[in-house]
Amino acid sequence: MTEHPPAPRAAAIPERPSLEGLEEKWGTVWAQQGTYAFDREAALAGERAEVFSIDTPPPTASGSLHMGHVFSYTHTDCMARYKRMRGLRVFYPIGWDDNGLPTEKRVQNYYGVRGDASLPYDPGFEPPFRGNAKSTKAADEMPISRQNFIELCDELTVEDEKAFESLFRRLGFSLDWDISYRTVDDHSRATSQQAFLRNVARGEAYQSEAPGLWDVTFQTAVAQAELEARDYPGAYHRVAFHGTDGPVYIETTRPELIPSCVALIAHPDDERYHALIGSSVRTPLFDVEVPVLAHPSAEMDKGAGIAMCCTFGDLTDVLWWRELRLPTRSVVTRTGRLQSEVPPWLASSPGAALYAERLGGKTAFSARTALVEALRESGDLDGEPTPTQRKANFYERGEKPLEIVTTRQWYIRNGGRERELNARLVAQGREIEFHPAFMRSRYTNWVEGLNGDWLVSRQRFFGVPIPVWYPLDADGEPDHDHPILPAESDLPVDPAAQAPPGYTDDQRGVPGGFVGDPDVLDTWATSSLTPQIAGGWRGAGSGEPDPLFAKVFPMDLRPQAHDIIRTWLFATVVRAFHEHGTVPWTNAAISGWILDPDRKKMSKSKGNVVTPEDVVREHSADAVRYWAASGRLGTDAAYDVGQMKVGRRLAIKVLNASKFALSFGDVEGDLAAQVTDPLDRSVLAVLREVVERATAGFEAWDYTRSLEATETFFWTFCDDYLELVKDRAYGSRGEAAAASARATLRLALDVVLRLLAPVLPYVTEEVWSWTHEGSVHRASWPSVQELPDGGDPALLEAVGAALAVVRKAKSEAKVGMRAEVPTATLVAPARVLDLVRAAEADLRAAGRLTGRLEYAEGADGAEVAARDLELVPVAKPAR
RNA sequence: GGAUGUGUAGCUCAGCUGGUUAGAGCGUUCGCUUCACACGCGAGAGGCCGGGGGUUCGAGUCCCUCCACAUCCA
């Protein structure tokens, strides 16, 4: 698929080359000509090693576009372009992650609606607003059916995707737009459900009724990976429990949970409580007898050192409940309110009336107020509550602390409970090359710190339904132990809308009939399958993968940001391990974040975000890419307009210098054979080194190093080499000497354009088109072999230094560079002088050394200097 | 509290396995209509390489320690 550079043809060079319009011009050409199209047939016929496959991060289309996208997608695109030029078939799909809460929230706000599973579908439904909903309060939202809600999600995400596509195309990302998926389309849903069913069949997915974190606002279960610990204001309440030998004081931030207290726990080494352990005390107000127990995770130095264990105040309570086999006394419901009816264990207690009248049905917050009041009245509150900041668990998108409630949910084994699986998943991390390598410790730390399996049930609307039904017994109760599963060939299914195999729709909810699992899968449960979705693992649903799958999987590259190593990266590893026993990809390239000038993460709430569209329009795509490509993998980068301006100048310089280098006349025949001048041979020798460094940079996933090497060469090429040879190239010293310069200019330019092409796709394509048929992006990556051997790299440096001293003399004399130098003596070590002499004619032309030029040997190691230098300024032309 | 990373010129960053006088770009200062480019060209100034200790003939680079910042996890 890679072409060699075609024979040069007559140049068609614009009079005044410009960046304006290049993006539209080449964007159209690339799309029309399928420049970045993946050649499926060739890939099927070829070897796996000839393919470079990329597990492109599917952006959340309903999220906002930000410079972080530009940054990390540019990194990937540079690598993709390099690999393509190296002759690999680049599999570079684009996906859209339309699952989940961000989309639901955006749809709610945009249309002013809210999903309500109890409502019937309205085929002619029109939303009350379209992007102009005035209120974001839940009470003002119109309740609509699940299916209507999903339709609106579909409608809006398609719109949102257009904004991303437009920007991504403008930035020149060499994605194959014909290979695309949405995480909610039929294929993705079927793939996700198929993988889940296979997890179920192998016992890797299971249901469990267990205490879990619950967000009362969003009414959904939350996984460990979605947790966020935040400071939350609270107060310690010193409360007396009634022991046989007097009161036992505990300090709690959640006195409203006293009704659900099941034990007091102290540390086994805490001598203050040795005597109490094994005895029992009675709870205040409710007079329930609870044991005093010992457990090492009680914190001696916190509060009173003895803690109340409830059902459930926090994750430690769950640990105690499990390890000490404590009873379950749950009062907090999924709504975050205390249950209305008096719990059975309080029924005969003196506090039953208190519960019924002042606690039942209240939110945790108001129940706390009421209970503290009651404690005051009974004298069980010691002193006044003391304010404190404590860490509380939040859902990362939620605003209220999570409650812990017992629910039936699906889980996927991820090593959080089994040591062996944990060790094997840690080992999978060592099979992946992380770039940079230290990012692997983020992975390892996370996996080793897991304390539970992956909860994948979500009580949401817009997502992939859990493909499971449950039979109903004669009493209409679901039999969770015998779930009904669909055939793989029937996927995707929606258990809320379809009947399971062997049932009819009118048996839904009827005793002896069935009920569908009401939940959807965690969004990561689908996006953890992006390699399988994009690569065609499910195939046409017949059980056989698309034959392409074997040619792209395991993929070569997963690019992503470091904040989702614990979620997206890890989840993908888990799924690939369960399904294929392999890693999902062999390389993970981790991009950093974009920081504002104050070194803070740019975010909408701080008001410091800039819109990528405007930035690209202002500076050009090549310029913005240059900025992004200057940031190395794993390193946070500053948002730096200055760096974009540098990129823009480089792009313009490429246009102008190329035009100039091609302006001396055509070249024909074997160019390398025409390079005879020592200076010309020298510049190509330097370029050979640059090719080696630029290649080594990309091979080490260090495109920045590659860019820097090429860029440095290019400026020397423009400032020194071009200046030195232009007189000769015009023909001042005969045709052979001119031909050597012209051939060198052409050879160097062709190589430099290809070295810059991954970073500056537009300007390099433009210049390439002046002298070539076909795209520079389909040309071969330059090799040392295409440049003549035998030049001395030191020659260019020596002559450059000599030219610099002449320029310095002119600059210090404040005369123009055109000033003539009738006499001068160059002082330098003998070795350097020899090199300078070899290019004396070019030096004389560039420095206007018109008369006597002498050489004096200087000390070894000394720099080039000039003495006895006379200057004749150019007479100002008469006006 | 633990893990990881960062700390080099006013700013953004190079400096790989220790080796001459620490580099680049931007900015700044001083110049220059030089026939590709004034979105240009040339030249200059600017650094106790976060602090302290150690290893070494030699440390920006290796080790220890402290400080500051960032991210992730408790």
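Here is the naming used below: chain letters follow the sequence lines, and residue numbers restart at 1 for every chain. Just so it is clear, the structure is predicted and the values come from calculations on it, not from any experiment.
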To the side chain of A/R566, which of B/rU34, B/rC72, B/rA43 is closest? B/rC72
Can you find a pair of side-chain heavy atoms, one from A/Y703 and one from A/Y82, that are under 4.5 Å apart? no
Would you name the heavy atoms of A/T567 and A/A225 that are closest together and state the gap between them? CG2-CB, 3.5 Å
Quick one: are A/V683 and A/T716 in side-chain contact, heavy atoms under 4.5 Å? no
Got a list of protein N/O to nucleotides 61-64 of chain B N/O distances below 3.5 Å?
none

I want to confirm an ordering. Mapping A/K659 and A/D640 to their closest nucleotides on RNA chain B, which one lands closer to the 5' end? A/D640
Can you figure out which of B/rC13, B/rA36, B/rG25 approaches the side chain of A/A657 most closely? B/rA36
Ranking B/rU34, B/rA70, B/rA43 by distance to the side chain of A/E812, first place goes to B/rA43
Answer yes or no for A/R632 and A/W701: cation-pi contact, defined as NZ/CZ to six-membered ring centre under 6.0 Å and angle to ring axis within 45°. no
Heavy-atom pair with the smallest gap, counting every atom of A/S527 and A/T572: O-OG1, 4.2 Å
Which part of the nucleic acid does A/E708 contact within heavy-atom distance under 4.0 Å: base, sugar-phosphate only, or nothing? sugar-phosphate
Does A/F394 have A/R230 sitting over its ring (NZ/CZ under 6.0 Å from centre, angle to axis within 45°)? yes
Considering only heavy side-chain atoms of A/K808, the closest of B/rG44, B/rU4, B/rU12 is B/rG44
Evaluate the ring planes of A/F570 and A/Y443, with Trp represented by its six-membered ring, and classify them as parallel (under 30°), tilted (30 to 60°) or perpendicular (over 60°). perpendicular
Report which part of the nucleic acid A/W715 touches: base, sugar-phosphate, or nothing (heavy-atom distance under 4.0 Å, all strands). sugar-phosphate
Hey, does the side-chain of A/E15 have a donor or acceptor N/O within less than 3.5 Å of a partner on the base of B/rA36? no
Range-with-range stems for RNA chain B, at least three Watson-Crick or G-U pairs under 3.5 Å: B:1-7 with B:67-73, B:10-13 with B:23-26, B:28-32 with B:40-44, B:50-54 with B:62-66
Are a donor atom and an acceptor atom from the side chains of A/D522 and A/W454 found within less than 3.5 Å of each other? yes
Looking at every strand, decide which applies to A/R648 at a 4.0 Å heavy-atom threshold: base, sugar-phosphate, or nothing. base
Does a nitrogen or oxygen in the side chain of A/R632 sit under 4.0 Å from OP1 or OP2 of B/rA14? yes
Has A/R230 got a side-chain N or O lying under 4.0 Å from the OP1 or OP2 atom of B/rC73? no
Which nucleotide in the set B/rC37, B/rC72, B/rC73 lies at the smallest distance from any side-chain heavy atom of A/E723? B/rC37
